[in-house]
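Structure, as C-alpha cells:
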Amino acid sequence: MANGKYERIDRTLIHRGAVIDEYVDSISLPDGRIEKWDLVDHKGAAAVVPVRDDGRILMVRQWRNPSGKELLEIPAGKLDARDEPMEEAAARELKEETGYSAGKLSLLVDFCPTVAYSSERIGIYVAEDLVRGRQQLDDDEFLDVEARDADELVQQILRGEITDGKTIAGLFAYVYRRDHGSL
C-alpha cells in the first residue's frame, strides 16, 4: 500500500428508506486518487437460534422479496433504534415470530454480513429454556414456525437448500459450540 491512507471526504445521501439509507461516499485512496463508493447504512439486527428442550431448533418459513420465494430462517429482525441492545431485539423477535420466550439468552456470534458495501451488523443469540406463548407478528408478517433437528439443518445448508447468511452463521456457530461444549 502507498504511504497514504483511506479517508472519507464526502458523503451524499441518495435514498432514505424504511430499513436502509443509501449513500455515495467520496473516498481518498492511499495513492491520492478519489473514488466513489456505495454505502448501504443499516441500524443493525438481531437473530436467535431457539433451542427447545428436546434439542430441536425453531425455524421460521417466510416469503422473501429478493429471492421471490419462501425461505427457512432463524427468527430475526432489525433493531428499532441504533442504540437498542441486540439482546433485547433478539428476545423481542423470538417472541414476535415464534411466540416463545427464552429463560436463557446467550450471544453466539456477532458479524457483519456484507462488509464491502453495508454497515449492517447482526448479533446472533442462542435461546434456551423456552416458554411457549403466542406469536405477535407484525402486520406485514405471515410466517410458519417449524421445529427441526440441528444436524438436519446443517445438511440442508450443505445441500444449498438454506441460503440465508445469518441462518448459516447462526446454525454453524450453534452446532460448533454445542459439539465443543462451549455453550
Side-chain angles (χ1 to χ4, degrees), residues 1-2 4-50 58-99 105 107-125 127 135-146 156-157 160-173:
M1 189 182 311
K5 60 180 182 166
Y6 291 92
E7 181 181 357
R8 184 179 66 229
I9 56 176
D10 188 40
R11 173 167 283 170
T12 303
L13 177 66
I14 302 301
H15 171 77
R16 186 167 305 281
V19 176
I20 61 166
D21 295 333
E22 299 171 59
Y23 295 91
V24 173
D25 288 348
S26 296
I27 305 294
S28 174
L29 304 179
D31 65 5
R33 289 180 295 126
I34 307 294
E35 292 288 334
K36 301 286 187 186
W37 288 2
D38 296 329
L39 171 71
V40 175
D41 190 37
H42 191 286
K43 286 187 257 194
V48 61
V49 178
L58 296 177
M59 302 289 289
V60 295
R61 185 175 298 281
Q62 61 185 325
W63 188 81
R64 292 299 194 176
N65 184 44
S67 66
K69 62 183 179 180
E70 286 188 340
L71 299 179
L72 190 62
E73 305 175 27
I74 58 176
K78 65 180 177 57
L79 302 181
D80 285 344
R82 285 187 190 278
D83 61 350
E84 179 183 17
M86 285 186 178
E87 186 173 348
E88 287 179 20
R92 180 189 68 243
E93 292 298 327
L94 174 64
K95 179 77 173 162
E96 288 178 5
E97 294 188 1
T98 70
L105 202 59
L107 183 66
L108 275 174
V109 66
D110 185 352
F111 81 113
C112 300
T114 50
V115 297
Y117 61 84
S118 175
S119 64
E120 183 179 21
R121 180 176 211 103
I122 303 175
I124 304 177
Y125 294 79
Q135 276 181 311
Q136 300 170 355
L137 298 174
D138 292 336
D139 290 341
D140 64 347
E141 285 183 311
F142 300 89
L143 53 86
D144 295 315
V145 179
E146 303 176 13
Q156 286 183 273
I157 291 168
E161 296 166 11
I162 294 176
T163 57
D164 172 59
K166 71 181 175 314
T167 299
I168 293 169
L171 291 173
F172 277 152

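- Taking 4.5 Å as the limit, every side-chain heavy atom of Y6 sits out of range of all side-chain heavy atoms of S28.
- You'll find the side chain of L58 stays beyond 4.5 Å of the side chain of P75, heavy atoms only.
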From CA spacing to verdict: side-chain contact (heavy atoms from CB on, under 4.5 Å), M86, L79: CA-CA 7 Å; M86 285 186 178; L79 302 181; 4.1 Å; yes

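- Put simply, CG on L171 and NZ on K166 are 10.5 Å apart, with the number rounded to the nearest 0.5 Å.
- Shown here are the side chain to side chain donor-acceptor pair (under 3.5 Å) partners of D41, two or more places apart in sequence or in another chain: R82, S119.
- Taken from CG in D144 to OG1 in T98, the straight-line distance is 13.0 Å, to the nearest 0.5 Å.
- Side-chain atoms of Y125 and L94, non-hydrogen and from C-beta on, never get closer than 4.5 Å to each other.
- Rounded to the nearest 0.5 angstrom, I157 CD1 and I162 CD1 are separated by 5.0 Å.
- Residues passing the side chain to side chain donor-acceptor pair (under 3.5 Å) test with T167 are D164, sequence neighbours excluded.
- Remark: E7 CD to L29 CG distance equals 11.5 Å, nearest 0.5 Å.
- Side-chain contact between I14 and Y23 is absent, with no heavy-atom pair separated by less than 4.5 Å.
- Considering only heavy atoms from C-beta on, E87 stays 4.5 Å or farther from L107 through its side chain.
- Here the closest heavy-atom approach between residue A90 and residue L105 is recorded as CB-CD2, 4.3 Å.
- Of all non-hydrogen atoms in A76 and A47, the two that sit nearest each other are CB-CB, 3.6 Å.
- Partners of Y117 by side-chain contact (heavy atoms from CB on, under 4.5 Å), not counting sequence neighbours, listed by chain and number: V40, T114.
- Between L39 and V24 the shortest side-chain heavy-atom distance does not fall below 4.5 Å.
- A search for side-chain contact (heavy atoms from CB on, under 4.5 Å) contacts involving V115 returns C112, not counting sequence neighbours.
- For R16, the salt bridge (Lys or Arg N to Asp or Glu O under 4.0 Å) partners two or more places apart in sequence, or in a different chain, are D21.
- Taking E93 as the reference, nothing meets the side chain to side chain donor-acceptor pair (under 3.5 Å) condition, with sequence neighbours excluded.
- Residues satisfying the side-chain contact (heavy atoms from CB on, under 4.5 Å) criterion with W63, sequence neighbours excluded, are N65, E70.
- Between the NZ atom of K78 and the NE2 atom of H42 there is a distance of 8.0 Å, given to the nearest 0.5 Å.
- For R121, the salt bridge (Lys or Arg N to Asp or Glu O under 4.0 Å) partners two or more places apart in sequence, or in a different chain, are D110.
- Of the candidates I74, V48, V60, V145, E97 forms a side-chain contact (heavy atoms from CB on, under 4.5 Å) with just one, namely V60.
- Checked against salt bridge (Lys or Arg N to Asp or Glu O under 4.0 Å), R8 has no partners two or more places apart in sequence or in another chain.
- Of the inter-residue distances, the one linking E96 atom CD with Q135 atom CD reads 10.5 Å to the nearest 0.5 angstrom.
- With sequence neighbours excluded, the residues forming a side chain to side chain donor-acceptor pair (under 3.5 Å) with S26 are K36, listed by chain and number.
- With sequence neighbours left out, E120 forms a salt bridge (Lys or Arg N to Asp or Glu O under 4.0 Å) with no residue at all.
- Within the 4.5 Å cutoff, side-chain heavy atoms of R92 are placed close to those of D80.
- Distance alone, capped at 3.5 Å, places no donor-acceptor pair between the D25 side chain and the I27 backbone.
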